[in-house]
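Working notes for the structure below.
Bear in mind that the values here come from a model prediction, so they are computed numbers and not experimental data.
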Amino acid sequence: MRTQIENGEKRKEGIEGPMDDLERVREWVRADAWRMSALRQARALRLPEWWLAAGFVRNLVWDRLHGYSVASPLNDIDLVYFDPAGSSESIDRERASRLRDASSLPWSVKNQARMHERHGHLPYVSIEEALSVWVECETAVGVTLDDDDCLHLIAPLGLSSLLAGRVTHNPRHGDPEVFRRRVVAKGWRRQWPQLEIQGFGKARNGCY
């Protein structure tokens with residue numbers, strides 16, 4: 001039975017609970033034709049524990065919170081998966097190339113089972129653990145599409161902060177300077193001026 005993640009807790013399908021945030025985000029994804037198309041393309045690879053994560057979901061939420069009717073462009077589409085038996089970077093590059101050739105979308109494919117090496121961590125035991133150390137709490141969110149076309153979300157750090165329009169450093173990542181540099185480099189407030197970004201105060205002329 002597939003699980004969904006909310007606020008770090010796994011909830012089995014069919015169990016009643018406070019799922020309003022999950023359903024709201026799922027409905028936003030369902031209503032986005034190109035995101036649904038991207039999910040179907042990713043599903044065709046049949047990767048284990050795969051998700052379209054980071055800006056794929058985060059930016060959609062920010063667009064909706066700002067009332068945008070046209071989706072903000074993505075610099076890349078982050079397809080993440082978890083396969084301890086197949087952790088070659090060259091395999092990921094080849095898969096991303098195949099996806100780009102088929103759709104011209106800016107695909108990025110990364111097996112999270114090998115990403116601990118980049119950060120000097122012990123090997124991750126799950127996709128949830130890998131996402132739970134990403135730089136921003138609000139970036140650690142993903143969506144997948146099963147064979148029945150049902151959407152499932154993963155959010156090991158929860159959804160409440162994302163849906164409140166906040167951007168916060170994840171203490172599990174451990175380096176606030178990386179967070180600060182990312183905020184400056186990405187210029188999120190130029191696209192989404194109402195974001196509340198930790199450590200940056202009120203928006204000034206749309207900066208940061």
Side-chain angles (χ1 to χ4, degrees), residues 2 25-64 66 68-119 124 126-136 138-156 162 167 173 178 181-188 190-192:
R2 196 173 192 95
V25 176
R26 280 197 297 257
E27 285 300 323
W28 288 345
V29 175
R30 284 191 193 103
D32 191 310
W34 85 258
R35 277 182 165 85
M36 290 300 297
S37 176
L39 282 160
R40 292 187 178 96
Q41 292 173 54
R43 182 178 60 185
L45 291 183
R46 297 295 174 183
L47 297 175
E49 281 299 306
W50 71 269
W51 306 83
L52 297 189
F56 189 84
V57 178
R58 182 200 63 210
N59 292 12
L60 171 63
V61 172
W62 290 349
D63 280 350
R64 290 290 185 143
H66 282 72
Y68 297 162
S69 58
V70 177
S72 298
L74 291 173
N75 293 327
D76 48 40
I77 298 177
D78 292 295
L79 170 54
V80 299
Y81 66 103
F82 196 83
D83 183 9
S87 58
S88 167
E89 185 175 356
S90 63
I91 292 175
D92 286 348
R93 287 198 301 267
E94 187 272 335
R95 285 169 171 157
S97 179
R98 283 166 50 197
L99 286 167
R100 287 193 294 265
D101 289 344
S103 66
S104 299
L105 295 175
W107 290 96
S108 170
V109 179
K110 288 186 174 64
N111 183 359
Q112 296 299 295
R114 64 178 173 80
M115 298 309 291
H116 66 283
E117 300 170 357
R118 173 179 295 184
H119 304 298
Y124 303 136
S126 66
I127 190 73
E128 291 90 349
E129 183 181 18
L131 269 61
S132 74
V133 297
W134 284 9
V135 179
E136 304 88 26
E138 299 74 22
T139 297
V141 59
V143 62
T144 193
L145 186 69
D146 68 20
D147 288 340
D148 295 321
D149 272 358
C150 293
L151 293 167
H152 305 267
L153 289 176
I154 184 171
L162 174 63
V167 186
H173 177 263
V178 173
R181 291 198 302 265
R182 276 173 55 85
V183 170
V184 172
K186 290 181 177 293
W188 284 322
R190 288 192 291 273
Q191 181 65 21
W192 300 282

Is there a side chain to side chain contact (heavy atoms under 4.5 Å, CB included) between Glu136 and Val183 once you walk through the steps? CA-CA 10 Å; Glu136 304 88 26; Val183 170; 5.6 Å; no

What pair of heavy atoms forms the shortest contact from [X] to [Y], and how long is it?
{"X": "Val167", "Y": "Glu138", "result": "CA-OE1, 3.4 Å"}
{"X": "Pro156", "Y": "Ala140", "result": "CD-O, 3.5 Å"}
{"X": "Gly55", "Y": "Arg35", "result": "O-NH2, 3.8 Å"}
{"X": "Pro48", "Y": "Tyr81", "result": "O-CB, 3.2 Å"}
{"X": "Leu74", "Y": "Ile77", "result": "CD1-CG1, 4.1 Å"}
{"X": "Met36", "Y": "Val29", "result": "CG-O, 3.6 Å"}

Spacing of [atom1] belonging to [X] relative to [atom2] belonging to [Y], to within rounding of 0.5 Å:
{"X": "His173", "Y": "Ser132", "atom1": "NE2", "atom2": "OG", "answer": "11.5 Å"}
{"X": "Arg64", "Y": "Ser69", "atom1": "CZ", "atom2": "OG", "answer": "9.5 Å"}
{"X": "Leu45", "Y": "Leu79", "atom1": "CG", "atom2": "CG", "answer": "6.5 Å"}
{"X": "Trp188", "Y": "Trp62", "atom1": "CH2", "atom2": "CH2", "answer": "5.0 Å"}
{"X": "His66", "Y": "Gln191", "atom1": "NE2", "atom2": "CD", "answer": "8.5 Å"}
{"X": "Trp34", "Y": "Leu39", "atom1": "CH2", "atom2": "CG", "answer": "9.0 Å"}

Quick one: side chain to side chain donor-acceptor pair (under 3.5 Å) partners of Arg100, sequence neighbours excluded?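 None.
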
Considering residues at least two apart in sequence or located in another chain, which fulfil the side chain to side chain donor-acceptor pair (under 3.5 Å) criterion with Glu94?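 Partners of Glu94 under the side chain to side chain donor-acceptor pair (under 3.5 Å) test: none.
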
Among side-chain atoms of Trp51 and Asp78, is any donor-acceptor pair under 3.5 angstrom?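 Per modelled atom types, Trp51 and Asp78 side chains form no pair under 3.5 Å.
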
State whether a side-chain donor-acceptor pair under 3.5 Å links Ser72 with Asn59.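 Not at all, the side chains of Ser72 and Asn59 share no donor-acceptor pair under 3.5 Å.
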
Tell me, with the steps shown, if Ile154 and Thr144 meet side chain to side chain contact (heavy atoms under 4.5 Å, CB included). CA-CA 8 Å; Ile154 184 171; Thr144 193; over 6 Å; no

Are any non-hydrogen side-chain atoms of Trp107 and Leu52 less than 4.5 angstrom apart?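 Yes. Closest side-chain heavy atoms under 4.5 Å.
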
Val133 side chain reached by Glu129 side chain, heavy atoms, under 4.5 Å: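 The answer is no, as the side chains (C-beta and beyond) never meet within the 4.5 Å cut-off.
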
Show the numbers, then the answer: is there a side chain to side chain contact (heavy atoms under 4.5 Å, CB included) between Trp50 and Asp83? CA-CA 9 Å; Trp50 71 269; Asp83 183 9; over 6 Å; no

Looking only at atom types and distance, does a side-chain atom of Asp146 sit under 3.5 Å from a main-chain N or O of Asp148, one as donor and one as acceptor?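 Yes.
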
Sidechain N-carboxylate O distance under 4.0 Å for Asp149, Arg30: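 No salt bridge links Asp149 with Arg30.
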
If you apply the rule side chain to side chain contact (heavy atoms under 4.5 Å, CB included), what do you find for Arg114 with Asp92, and how did you get there? CA-CA 11 Å; Arg114 64 178 173 80; Asp92 286 348; 2.7 Å; yes

Taking everything shown except Asp101 itself, do over 12 heavy atoms lie less than 6.0 Å from its CG?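 Counting other residues, nucleotides and ligands, CG of Asp101 exceeds 12 neighbours.
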
